[in-house]
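Notes follow once the structure below has been shown.
Because only heavy atoms are used, hydrogens play no part in the values below, and waters and symmetry mates are left out as well, while side chains stay in.
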Amino acid sequence: MPKQATTKTALASALVLSLLAGCGGKGNGPNGTDEAGASSNPGKPETATSGPAEVVFYSNSGLAPEQFNTRYGNKLREKFPNYTIKYIQQVGAGTRIAEMVTAKTPFDIYFANVGSFENEALQYGVQSDMTELAKTHKLDLNRFDPSVISGVKSSSNGLYALPIHTDTMVLYYNKDIFDKFGVEYPKNGMTWDDMYALSKRLTRKDGDTPYIGYAPFPTYMFYMNPLSIPVMDEKNERPTINKDSRWRTFFQKLLIEPTEMPEVRAYLDNLKKNKSHIVNAFMKDRTTGMITYVSALAPTWPNEMGAFNWDWVSAPTLKEQPGVGSQPYTFYFGITNMASNKDAAMEVLKYMVSDEFQLSLAKMGYLPVVQSQDVKRALGQETAFKDKNWQAMFYNKMAPVPVKGIYENRVVGVYNGFAEQAMLGTLDVNTALRQAEESTVVKLDEWKR
């Protein structure tokens, strides 16, 4: 039974979920592995299932079946012709995870983005520890970029999921605005101070039209904060917002400082009043010079992004952490404890982290989770934006991912509300941190009932 009632997904989680929605390789890959990620030891036979099997996928994302098939299903069916690959789409009543669990509707692999995975799978207890299964199938975890698997590997729940593709924060910029005002374009490797200096040069009025150099979006900042601050203390299940001193740096440097100009605050206040969104303003109004956002924005909304002249560079870094970007925002896939054929499910996941499958995802614009340079070089090359600066995604080292818990998304939702007030100047940073802590404690007690 679920530990608590179903709750609404946080705004940023919903946004990212809307974004993310043959034969195995025979050559040798990195770290002494073949392309399927198995240890290349000819002395021991593989454990792949050869008979018929059914593998059922389920996600809370609402990903359309045709999107599932394009990204995953078609290639899996080609690789495993003896497997029946099915996908259950969440489409409302009867297909939510709480209802699926209550009705005992089985599914073999659950997938969701980091935070949502823990909120759903761990909350309703459908996850399983795949540690021994991964060993049996000779899955080499060293093939992964360390940052994308660090949170899972350090969890007390064991290896409850594998990263399949990920995302990082980048700095989008509207080239037309920079050209209009004769300001040089952003560059890879900038600090936040460098970027704020550019923002000030772009923030002005042209006739009756106000232009904003940079507008921050706090929700992703919390999920992907470069300081790797956990939003919760896993041991005592209490908020860290007013306990970990790094949050003060986070608020001041990444949220408050870029909004201290009255023009930016007026702009954000207007967006809030009109229930608009920074991304829409960037893509459609085109009066914002720069935003930091996940890279999946471009391949997910090609029509909107194809309508104006933009590019991207690596996300700015803190001068105290040179070369360290945001945390990855990873899509996890995990075998459930109700899986009817865990060996077949593991063979599927092992193929999904092979260089062959990762190359397919990378070409579509989804950031790979393996360390292969050949795979990374192919990023975005089958999208409408193949000429953009895709390699900016790899310019910085990704920040480590702290342990995520079942309250992650909801706690970020609370923090985000107080961050917005601090950005608009209606709360000072000390009050925002204190009230965020107090409010979260109250909410946690409610959620646990």
Quick check: does any side chain N or O of D285 sit under 3.5 Å from a backbone N or O of N280, one acting as donor and the other as acceptor? no

Heavy-atom donor-acceptor pair, W312 side chain to N389 backbone, under 3.5 Å: yes

Selection residues 242-251 - residue pairs positive for salt bridge (charged side-chain N to carboxylate O under 4.0 Å, His left out), sequence neighbours left out: K243-E437, D244-R246

Consider only side-chain N and O atoms of [X] and [Y], and report whether a donor and an acceptor are under 3.5 Å apart.
{"X": "D179", "Y": "Y185", "result": "yes"}
{"X": "E356", "Y": "Y351", "result": "yes"}
{"X": "N409", "Y": "S116", "result": "yes"}
{"X": "E118", "Y": "Y160", "result": "yes"}
{"X": "D194", "Y": "T191", "result": "yes"}
{"X": "T292", "Y": "Y214", "result": "yes"}
{"X": "Y267", "Y": "T288", "result": "yes"}

Residues in ring-ring contact (aromatic ring centres under 6.0 Å, His included) contact with F57, at least two apart in sequence or another chain: F68

[X] side, atom [atom1]; [Y] side, atom [atom2] - distance, nearest 0.5 Å:
{"X": "D108", "Y": "M346", "atom1": "CG", "atom2": "CE", "result": "12.5 Å"}
{"X": "S61", "Y": "Q89", "atom1": "OG", "atom2": "CD", "result": "8.0 Å"}
{"X": "R410", "Y": "Y415", "atom1": "CZ", "atom2": "OH", "result": "13.5 Å"}
{"X": "T287", "Y": "K205", "atom1": "OG1", "atom2": "NZ", "result": "12.0 Å"}
{"X": "F217", "Y": "Y293", "atom1": "CZ", "atom2": "OH", "result": "5.0 Å"}
{"X": "Q358", "Y": "K376", "atom1": "CD", "atom2": "NZ", "result": "11.0 Å"}

Quick check, are the ring centers of [X] and [Y] under 6.0 angstrom apart?
{"X": "Y72", "Y": "F333", "answer": "yes"}
{"X": "F117", "Y": "F111", "answer": "no"}
{"X": "F181", "Y": "Y211", "answer": "yes"}
{"X": "W247", "Y": "F222", "answer": "yes"}
{"X": "F308", "Y": "F282", "answer": "yes"}

Test [X] against every option in [options] by the side chain to side chain contact (heavy atoms under 4.5 Å, CB included) rule and name the one that passes.
{"X": "D167", "options": "V294, V114, N113", "value": "V294"}
{"X": "V369", "options": "V375, I164, L361, T166", "value": "T166"}
{"X": "Y332", "options": "V148, I149, V152", "value": "V152"}

Under the side-chain contact (heavy atoms from CB on, under 4.5 Å) criterion, do Y58 and Q90 qualify, and how do the steps go? CA-CA 8 Å; Y58 169 72; Q90 180 176 294; 3.2 Å; yes

side-chain contact (heavy atoms from CB on, under 4.5 Å) between I88 and M100: does it pass, once the steps are laid out? CA-CA 10 Å; I88 300 175; M100 299 275 286; 3.9 Å; yes

Which atoms form the tightest heavy-atom contact between T383 and K363, and what is the distance? CG2-O, 3.7 Å

Atom of Y407, atom of K448 and distance for their closest heavy-atom approach: OH-CG, 3.2 Å

Let's go through Y173 and K175 carefully: what are the C-alpha distance in whole Å and the side-chain angles of both, what is the deciding distance for side-chain contact (heavy atoms from CB on, under 4.5 Å) to 0.1 Å, and is it a yes or a no? CA-CA 6 Å; Y173 64 98; K175 297 174 78 172; 3.5 Å; yes

Pair M169-Y329, side-chain contact (heavy atoms from CB on, under 4.5 Å): steps then yes or no: CA-CA 8 Å; M169 193 172 287; Y329 201 74; over 6 Å; no

